[in-house]
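So the structure is just underneath, and the comments pick up after that.
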Amino acid sequence: MKKTVDYSKIRGFNYIQSSISGKDRMTEAYDHDTVDREMGYAESIHLNSARIFLRYVDYARNKELFLKNLKDFVQTAWKHGISTSPIIFSGRFGGFCFLPEDADYPPAQEGGLLPLPKSVEDKSSWVLGERYFDDIYDAVGNEPGLLFWDISNEPGYNDDFVTWYDDEPEYLETFSPRPNMEELREKQEKIWEIIRYFCKYVKAKDPDHDIGVGNTFIFETEPSGTADLVDVIVFHDYSATRGRMRNIFDRAVALGKKYNKPVLNNETCCLCRGNPYDMTLEMLEEYNMGWYLFELMIGDGMWNRAHGIFYPDGTIRDPSIVAALFGFYRKRDEGIIRVDVNQEDYVTELLKRVNMLMENTRRNRCTDGKKELEETLELCEYAANILEAGELVPMNYPPTAKVAAYRRMENPNTEEIKDWLFELVDTLKRACRLV
């Protein structure tokens, strides 16, 4: 029976198990207990779908374990009310690595455009991709938790993430000088040819589930020739401003109307691209567009400094992300009221206590070193909490985390901590305009 999906209701996340730092995601490194715990985190903030990355090379190395773990994932996620959208082919330029010589793609190279994986150009190898999908379908095709197939992750051939299509925003082209365009277009078309082939193959094999292609950009949809083949128009967006985002979202909406198909942003939110979670989620709500955040976990992988909501222990990086997931956004228009953390003279009282501590130090009244250390850290925590409450300090590494780190030390340097206390106090004095 055909599965009907309301794509506007997807509140999803890209998922890589937090304990996995390498590329192996569905064989030896897979851990059921970790997945179960982390799907529980997603359930707790009302997320409802997981986008997972599958690789042919992992399947080829250990087919039985790959399929066993994939089925376990889909079932475990569904136990938490979370559907699964598997990316069939993930990796550079589509992840089409059927031939052994492509296992370590992309190759090391200096300058010029990267060569295509040999599997892309050798059509006789595509039957291996067919068998790969057949096995995946046999393993999870009838699972109730299966949502739709993402044919490939960011397959389009590009030059340092520049496609050079005519309707590509100009600002993307600042990343790279114009390459040999004849070579680029030839390679782009070869990638799109194999994408179109597997769109048709997967759809013929499984007419009951929708398909989409996880395009790097919305403006690849028509040049790829896939708009007529997919059931949902999928794109990724990491726009750095609201204006840029509106431009992309408006294009996506227009394409959806043109082809009478839903649209879905299934990769978005990146701290290092000027694409914060709260801005992006607010805009997605405005457009009533479904989404998959990148990503759920702050794990061991290469993206942990730029993406992620949960640490493995269930703590979070930024409460504003969770607030935005529940529809609460930071005020940015008229009427912002600046916090006065000395409204009830607690900063003034803190300054008195710091002066008392320093006076005792100057007059050599501190004979108990342990007590002096505890009092200094107590005042540091006092100052740090006021600063954090008023959002007067960067929260990338909160001052209270530094206090906790000092308390974990076996023999911290009390004088060093006093110097830091003065830095905290100076910040408070400036914020409160105290002389």
Side-chain angles (χ1 to χ4, degrees), residues 11 44-47 237-249 268-289 291 293 298 305-311 314-357 376-405 420-435:
R11 296 167 48 86
S44 72
I45 53 175
H46 298 181
L47 298 179
D237 180 67
Y238 294 100
S239 293
T241 68
R242 291 173 189 261
R244 290 181 178 185
M245 193 176 292
R246 287 190 188 282
N247 177 36
I248 300 301
F249 286 9
T268 195
C269 297
C270 179
L271 305 179
C272 68
R273 300 183 191 180
N275 183 238
Y277 289 76
D278 63 334
M279 175 187 80
T280 305
L281 288 164
E282 187 174 15
M283 292 287 287
L284 287 162
E285 181 179 23
E286 178 184 330
Y287 277 79
N288 191 33
M289 189 179 293
W291 42 264
L293 304 178
I298 307 168
R305 297 187 182 189
H307 302 276
I309 302 171
F310 287 98
Y311 287 99
T315 56
I316 58 174
R317 168 181 271 142
D318 181 357
S320 73
I321 298 173
V322 176
L325 285 168
F326 285 91
F328 298 99
Y329 310 108
R330 188 178 296 275
K331 187 173 181 63
R332 289 186 171 90
D333 55 8
E334 296 84 356
I336 292 176
I337 298 173
R338 292 176 59 180
V339 173
D340 178 5
V341 293
N342 201 32
Q343 178 83 21
E344 297 183 340
D345 294 320
Y346 273 70
V347 175
T348 303
E349 192 269 344
L350 170 65
L351 295 178
K352 289 179 181 178
R353 296 194 65 82
V354 172
N355 281 331
M356 289 168 58
L357 172 68
T376 304
L377 284 171
E378 185 76 6
L379 292 175
C380 285
E381 183 182 355
Y382 187 173
N385 279 332
I386 295 177
L387 288 164
E388 291 180 20
E391 296 187 308
L392 299 171
V393 287
M395 295 297 288
N396 187 39
Y397 184 64
T400 49
K402 189 171 181 178
V403 172
W420 180 53
L421 174 59
F422 258 76
E423 292 177 22
L424 298 175
V425 166
D426 282 344
T427 302
L428 278 171
K429 288 171 70 174
R430 286 193 300 273
C432 299
R433 302 186 181 113
L434 293 174
V435 178

Exceeds 12 heavy-atom contacts within 6.0 angstrom, atom [atom1] of [X]:
X      : atom1 : result
Tyr311 : OH    : yes
Asn396 : CG    : no
Phe328 : CZ    : no
Arg332 : CZ    : yes

Heavy atoms only: give me the nearest [X]-[Y] pair and the separation to one decimal.
X      : Y      : answer
Gly390 : Val341 : CA-CG1, 3.8 Å
Gly274 : Met279 : O-CE, 3.9 Å
Pro394 : Pro399 : O-CD, 4.3 Å
Tyr329 : Asp278 : CD2-O, 3.8 Å

Distance from [X] atom [atom1] to [Y] atom [atom2], nearest 0.5 Å?
X      : Y      : atom1 : atom2 : result
Leu428 : Glu423 : CG    : CD    : 12.5 Å
Leu392 : Cys432 : CG    : SG    : 7.0 Å
Ile321 : Thr280 : CD1   : OG1   : 10.5 Å
Leu351 : Asn342 : CG    : CG    : 7.5 Å
Asp318 : Met395 : CG    : CE    : 8.5 Å
Ser239 : Asn247 : OG    : CG    : 8.0 Å

Check: Asn275 side chain, Thr268 main-chain N or O, donor-acceptor pair, under 3.5 Å: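 It does not hold such a pair.
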Are side-chain heavy atoms of [X] and [Y] found at a separation under 4.5 Å?
X      : Y      : value
Val403 : Trp420 : yes
Cys272 : Arg305 : no
His307 : Tyr277 : yes
Leu357 : Leu421 : yes

Is Asp333 salt-bridged to Lys331, going by a charged N under 4.0 Å from an acidic O?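 Lys331 and Asp333: salt-bridged.
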Between Glu391 and Arg330 (salt bridge meaning N to carboxylate O under 4.0 Å), is one present in this structure?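 Salt bridge present between Glu391 and Arg330.
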Can you see whether Asn385 engages Thr400 through a side-chain donor-acceptor pair at a distance of less than 3.5 angstrom?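 The criterion, which ignores hydrogens and geometry beyond distance, is not satisfied for Thr400 and Asn385.
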Test ring-ring contact (aromatic ring centres under 6.0 Å, His included) applied to Tyr287 - qualifying residues, sequence neighbours left out: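 Tyr287: ring-ring contact (aromatic ring centres under 6.0 Å, His included) contacts with Phe249.
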Stepwise side chain to side chain contact (heavy atoms under 4.5 Å, CB included) check, Met283 with Trp291: CA-CA 11 Å; Met283 292 287 287; Trp291 42 264; over 6 Å; no
Is there a side chain to side chain contact (heavy atoms under 4.5 Å, CB included) between Leu325 and His46? Walk through the geometry before answering. CA-CA 8 Å; Leu325 285 168; His46 298 181; over 6 Å; no
